[in-house]
Undergrad: 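Dropping a structure here in structure tokens format, bear with me for questions.
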There are 2 protein chains.
Amino acid sequence: MTNTNNIQQLRELVKTLVRNLGILEKSEASCCGITLGQCHAIVEIGSRKTISLNDLAEVLNLDNSTMSRTVNNLVNQNLAQREIDPSDRRYVKIKLTKEGEESFHSIEDSMAQYFETVLESIANDKRDQVIESLQLLVKAINNNKCC
Amino acid sequence: MTNTNNIQQLRELVKTLVRNLGILEKSEASCCGITLGQCHAIVEIGSRKTISLNDLAEVLNLDNSTMSRTVNNLVNQNLAQREIDPSDRRYVKIKLTKEGEESFHSIEDSMAQYFETVLESIANDKRDQVIESLQLLVKAINNNKCC
DNA sequence: ATACACTATTGCAATATGCAACTATTTTAT
DNA sequence: ATAAAATAGTTGCATATTGCAATAGTGTAT
């Protein structure tokens, strides 16, 4: 039997977490002169080497049309490039340009730095526990995808 | 000295968490026939009894103008109402209507139910640890607000 | 009384969004 | 082999969201 109080706490903590991180992401992106959507796209394209539009849209949970236009913006800012997949010409392979790679690494570095600071401000003997807990939580959430 | 691997894990876990919960919130809101912004507003108005526009905008990290218009939409859908604060007529007291209250409770119930399921799918002897860890993480993040 | 500070709303322009229609390409069925 | 169906991506369109700047109204301090 689950404790009602714990449920409320969990909900409240998650809400605070998501909200604070949303604000963080927003300011992080606008610091870099790109929108949040573009930032997410860069990170996803960058962390794979190449990705199709469909896949990118699915990962970011956006409509294909929206995704296509976001990629347009990246291309116009010389951060990404499109390339038709020769093995199946329906697909577009989206990659980062050299400039896009730089942007990607700069985002990654600054995020890594941020999370290092966060981790360091957690008591030494609690860090592993926090990570383990997040793993458990993510797993629990994935087990209960709604709708 | 913080472990690099842990930093990456933390970042990745947080990203997954935020993304999955974002999708959850989105579908939750659209199920109720309101936008995500409106849903956030309802929850915040509802969990206080009344709130000023300024405060609401700050909590939700939105521009006052955006907030004002979101409230407009809630008012038009008969979910919220504005009332000038008699003690300082610059302020608007935003409240939920009866219908808004219903919407609020329905959101709360469904969120509580969701998080109950999530909590239950975490091993019994790990639940307290997960909650404690989230508290630690939220505190650490608040200690390191960026920009 | 006047200047200043604060709250909220609106004009405006830029951006984002999703659905539906469309093109191009590949796969499947007959 | 050819027609039909499926798939990936783009664009038209209408709508919604967003934030800055300007404005109106209210309270505060000198």
Side-chain angles (χ1 to χ4, degrees), chain A residues 19 22-23 25-42 44-45 48 50-77 79-95 147, chain B residues 19 22-23 25-42 44-45 48 50-77 79-95 147:
Chain A
R19 183 161 298 160
I23 294 171
E25 276 191 318
K26 218 167 169 180
S27 63
E28 164 68 19
S30 67
C31 282
C32 304
I34 52 178
T35 66
L36 189 54
Q38 289 179 325
C39 180
H40 285 155
I42 287 177
E44 289 307 322
I45 303 168
R48 292 140 226 253
T50 182
I51 187 172
S52 76
L53 189 90
N54 250 347
D55 292 346
L56 190 54
E58 193 186 337
V59 172
L60 298 178
N61 198 43
L62 290 172
D63 190 84
N64 274 7
S65 62
T66 305
M67 201 67 255
S68 178
R69 281 182 259 253
T70 300
V71 171
N72 271 356
N73 293 335
L74 291 179
V75 171
N76 288 336
Q77 290 175 65
L79 295 169
Q81 59 191 35
R82 276 186 253 241
E83 194 179 294
I84 291 172
D85 186 337
S87 70
D88 185 336
R89 296 164 48 76
R90 287 172 301 184
Y91 288 77
V92 169
K93 293 163 86 166
I94 304 166
K95 299 179 179 182
C147 297
Chain B
R19 182 160 298 160
I23 294 171
E25 276 191 318
K26 218 167 169 181
S27 63
E28 164 68 18
S30 68
C31 282
C32 304
I34 53 179
T35 66
L36 189 53
Q38 289 178 326
C39 181
H40 285 155
I42 288 178
E44 289 307 322
I45 302 168
R48 292 141 226 253
T50 183
I51 187 172
S52 76
L53 189 89
N54 250 349
D55 292 346
L56 190 55
E58 193 186 338
V59 173
L60 298 179
N61 197 44
L62 291 172
D63 190 84
N64 275 7
S65 62
T66 305
M67 200 67 256
S68 178
R69 281 182 260 253
T70 300
V71 171
N72 271 357
N73 293 336
L74 291 179
V75 170
N76 288 338
Q77 290 174 65
L79 295 168
Q81 60 191 40
R82 278 186 252 240
E83 196 179 291
I84 291 173
D85 185 338
S87 69
D88 186 337
R89 296 165 48 76
R90 288 172 301 182
Y91 287 78
V92 168
K93 293 164 87 166
I94 303 166
K95 299 179 179 181
C147 298

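Convention: sequence-line order gives letters A, B, ...; per-chain numbering from 1. Bear in mind that the values here come from a model prediction, so they are computed numbers and not experimental data.
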Undergrad: Look up atom OG in B:Ser68 and atom CG in B:Leu62, then write down how far apart they are to the nearest 0.5 Å.
TA: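 Separation between the atoms: 12.0 Å.
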
Undergrad: Can you see which heavy atom on A:Met67 is nearest to which on A:Ala41, and at what distance?
TA: CE-CB, 4.1 Å

Undergrad: D:dA14 C1' sits how many Å from A:Asp63 CG, rounded?
TA: 14 Å

Undergrad: Which value, rounded to the nearest 0.5 Å, describes the distance between A:Asn76 atom CG and A:Arg69 atom CZ?
TA: 13.0 Å

Undergrad: Please collect all salt bridge (Lys or Arg N to Asp or Glu O under 4.0 Å) contacts where either partner lies in residues 85-94 of chain B, sequence neighbours excluded, each pair once.
TA: B:Asp88-B:Arg90

Undergrad: Specify the residue among A:Arg69 and B:Asn64 whose closest nucleotide of DNA chain C lies further upstream toward the 5′ end.
TA: B:Asn64

Undergrad: Which residues pass the salt bridge (charged side-chain N to carboxylate O under 4.0 Å, His left out) test with A:Lys95, not counting sequence neighbours?
TA: A:Glu83

Undergrad: How many whole angstroms separate atom NZ of A:Lys26 from atom P of D:dT17?
TA: 14 Å

Undergrad: With sequence neighbours left out, write down each residue that passes side chain to side chain donor-acceptor pair (under 3.5 Å) with B:Asn73, or none if nothing qualifies.
TA: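 Once residues adjacent in sequence are excluded, B:Asn73 has no partner under the side chain to side chain donor-acceptor pair (under 3.5 Å) criterion.
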
Undergrad: Using heavy atoms and a sub-4.0 Å distance, could you list which residues of residues 50-61 of chain B are near DNA chain C? By number, please.
TA: B:Ser52, B:Leu53, B:Asn54

Undergrad: If the condition is side chain to side chain donor-acceptor pair (under 3.5 Å), which residues does A:Glu44 pass it with, not counting sequence neighbours?
TA: A:Arg48, B:Arg19

Undergrad: Contact class for B:Asn73 (heavy atom, under 4.0 Å): base, sugar-phosphate, or nothing?
TA: sugar-phosphate

Undergrad: State which residues pass side chain to side chain donor-acceptor pair (under 3.5 Å) with A:Ser52; sequence neighbours excluded, sorted by chain then number.
TA: A:Asp55

Undergrad: How close or far is atom C1' of D:dA8 from atom NZ of A:Lys93, stated in whole angstroms?
TA: 15 Å

Undergrad: Output one letter per nucleotide in nucleotides 1-6 of chain D: B when a protein non-hydrogen atom lies under 4.0 Å from the base, S when only the sugar-phosphate is that close, - when neither is.
TA: ------

Undergrad: From the 5' end of DNA chain C to its 3' end, which nucleotides mark the outer limits of contact with chain A, defined by a 4.0 Å heavy-atom distance cut-off (strictly under)?
TA: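 First-to-last contact on DNA chain C, by the 4.0 Å heavy-atom rule, is C:dA16 to C:dT26.
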
Undergrad: Got a sec, which residues hit side chain to side chain donor-acceptor pair (under 3.5 Å) with A:Ser65, two or more places apart in sequence or on another chain?
TA: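 Here the qualifying residues are A:Asp63.
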
Undergrad: When you measure from the side chain of B:Thr70 to the backbone of B:Thr66, do you find a donor-acceptor pair of N or O atoms at a distance under 3.5 Å?
TA: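 Yes; at least one donor-acceptor contact below 3.5 Å.
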
Undergrad: I need the single residue from B:Leu74, B:Val71, B:Val75 that forms a side chain to side chain contact (heavy atoms under 4.5 Å, CB included) with B:Ile94. Which is it?
TA: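 Checked B:Leu74, B:Val71, B:Val75 against B:Ile94; only one passes side chain to side chain contact (heavy atoms under 4.5 Å, CB included): B:Val71.
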
Undergrad: Quick one: A:Arg89 CZ to D:dT10 C1', roughly how many Å, whole number?
TA: 16 Å

Undergrad: When all nucleic acid strands are considered with a 4.0 Å heavy-atom cut-off, which category describes B:Thr35: base, sugar-phosphate, or nothing?
TA: sugar-phosphate

